[in-house]
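Working notes, beginning with the structure itself.
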Amino acid sequence: MSTSEEWTFPADVDREAVQNALVEWYEADHREFPWRRTEDPYEILVSEVMSQQTQLGRVVEAWESFLDRWPTAAALADADRADVVGFWTSHSLGYNNRAKYLHEAAQQVEAEFDGAFPETPDELQELMGVGPYTANAVASFAFNNGDAVVDTNVKRVLYRAFDVPDDDPTFERVAGGLMPAGESRVWNNAIMELGGVACEKTPSCDAAGCPWREWCHAYQTGDFTAPDVPTQPEFEGSRRQMRGRVVSVLKEYDELALDTLGPRVRVDYSPDGEHGREWLRELVSDLADDGLVELDESDEGLVARLQR
DNA sequence: GTCCCGGCAG
DNA sequence: CTGCCGGGAC
């Protein structure tokens, strides 16, 4: 195990051979995803946002029908927020905030970039919901103009193959240094493919024909430890689950009084109980602060609806 | 239970 | 830097 100070790429390893081996391995065979056949930055951004914390297999259908409904950034920018969030929840795409971010990003492209999609990682990061990973991914896959992406896959691969210390700035430096200049499109696809089908948590080096076996520190030593990924809190019964239910229920109605919404969110809802009106009002109020839900006074008291 | 091509707000 | 954000698949 090495430390992060002065970590340098192993001197006895031929970087160019490492690069070529991976690119050739990728080009010989890889999974076909529809977003790997487009260079439209909007279409790629949609795929990247959907892919965050959601398995790729489940994204394919959602991606196609999302683009069917909102084919361009301009079309999405004109959509109602409620429709975009409603689509998100009905396709079980997770974190509804990401639907809002995507909607906002589309509006930024129209308003701040005059309809011309940004092409550099720095400009892309100005879009809502786009951080370092997504910016480099879109710049790479749409414009072949990105830096090395660093996600949990890439970290795991570098950590195992070259014993890179588990430290974000080091991962970034090493990933950047390993990427062949001007080839971000194929490279970032290839290294993430490696993490996805060969160097998974439980690795399949031989079965997947990993192209780095001859250099791989883990393959040599048999120690396939991976960097720690913070384990997520329990989902069942969580606040996140309840938020999801609120959005999912509101999608089916124009508006709903809190005491009508409550029982559809929790079977044990009772207005004055522990998980009652106060609890629900706070939950919905936070969703309102997030821009996902609206909360209004009416004759029947407080009513909630998806935010337009 | 654990994983999944992160990012935002405080 | 920390807490938080959904939900299906395995």
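Owing to the predicted nature of the structure, the values given are computational and were not obtained by experimental measurement. Chain letters run A, B, ... following the sequence lines, proteins first, then strands; residues in each count from 1.
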Is there a donor N/O on one and an acceptor N/O on the other, under 3.5 Å, for the side chain of [X] and the base of [N]?
X         : N      : value
Tyr95(A)  : dG6(C) : yes
Gln241(A) : dG6(C) : no
Ser238(A) : dG6(C) : no
Gln232(A) : dC4(B) : yes
Gln55(A)  : dC3(B) : yes

| field | 5′-ward residue of the pair Pro132(A)/Val229(A) relative to DNA chain B | value |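 Its nucleotide being nearer the 5' end, the pick is Val229(A).
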| query | With nearest nucleotides of DNA chain B determined for Met128(A) and Phe141(A) from heavy-atom distances, which residue corresponds to the more 5′ nucleotide? | reply |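 With Met128(A) and Phe141(A) compared, the 5'-side residue is Phe141(A).
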| said: Whether the side chain of Ser238(A) engages the backbone of Gln241(A) through a donor-acceptor N/O pair (distance < 3.5 Å, no angle test) should be reported. | reply: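 Answer holds: yes.
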Any base atoms under 4.0 Å from [X], or only sugar-phosphate, or nothing? Heavy atoms, all strands.
X         : result
Glu48(A)  : base
Val130(A) : sugar-phosphate
Asn96(A)  : sugar-phosphate
Gly94(A)  : base
Arg36(A)  : base

| said: Check this for me: does any side-chain nitrogen of one of Asp259(A) and Arg277(A) sit under 4.0 Å from a carboxylate oxygen of the other? | reply: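 Salt bridge between Asp259(A) and Arg277(A), a charged N being under 4.0 Å from a carboxylate O: yes.
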At less than 4.0 Å, is any side-chain N or O atom of [X] found next to OP1 or OP2 of [N]? Yes or no.
X         : N      : answer
Thr89(A)  : dG7(C) : yes
Ser47(A)  : dC5(B) : no
Arg240(A) : dG3(C) : no
Arg243(A) : dG6(C) : yes
Ser92(A)  : dG8(C) : yes

| request: Go through dC5(B), dT2(B), dG7(C) for me and flag the one nearest to the Thr231(A) side chain. | output: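 It is dT2(B).
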| Is the distance between the ring centroids of Phe162(A) and Trp212(A) less than 6.0 Å? |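 So the answer is yes for these two rings.
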| With rounding to whole Å, what would you report as the distance between dC8(B) and dG8(C) at their C1' atoms? |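 The same atom, C1', in both gives a distance of 24 Å.
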| message | Please give the distance between the C1' atoms of dG6(C) and dC4(B) as a whole number of Å. | response |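 Between the two C1' atoms, the distance is 12 Å.
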| said: Rounding to an integer number of Å, can you tell me how far Leu56(A) CG sits from dG8(C) P? | reply: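 Taking atom P of dG8(C) as the reference, CG of Leu56(A) is at 17 Å.
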| Tell me: CD of Gln125(A) to C1' of dC8(B), nearest whole Å? |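 Result: 13 Å.
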| said: A quick test of your reading: do over 12 heavy atoms of other residues, nucleotides or ligands sit less than 6.0 Å from CG of Asp206(A)? | reply: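 Yes, because the 6.0 Å sphere around CG of Asp206(A) holds more than 12 heavy atoms from other groups.
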| query | Can you say whether the rings of Trp70(A) and Phe87(A) are parallel (under 30°), tilted (30 to 60°) or perpendicular (over 60°)? | reply |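 Perpendicular: the ring planes of Trp70(A) and Phe87(A) meet at over 60°.
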| field | Pairing nucleotide - dC1(C), Watson-Crick or G-U, each distance under 3.5 Å | value |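 With both distances under 3.5 Å, dC1(C) matches dG10(B).
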| message | Can you tell me the base-pairing partner of dG6(C)? Count Watson-Crick or G-U wobble geometry only, both distances below 3.5 Å, and say none if there is no partner. | response |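 Answer to the pairing question: none, since dG6(C) forms no Watson-Crick or G-U pair.
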| query | Would you say Thr54(A) and Arg98(A) make side-chain contact, with heavy atoms under 4.5 Å? | reply |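 Yes. Closest side-chain heavy atoms under 4.5 Å.
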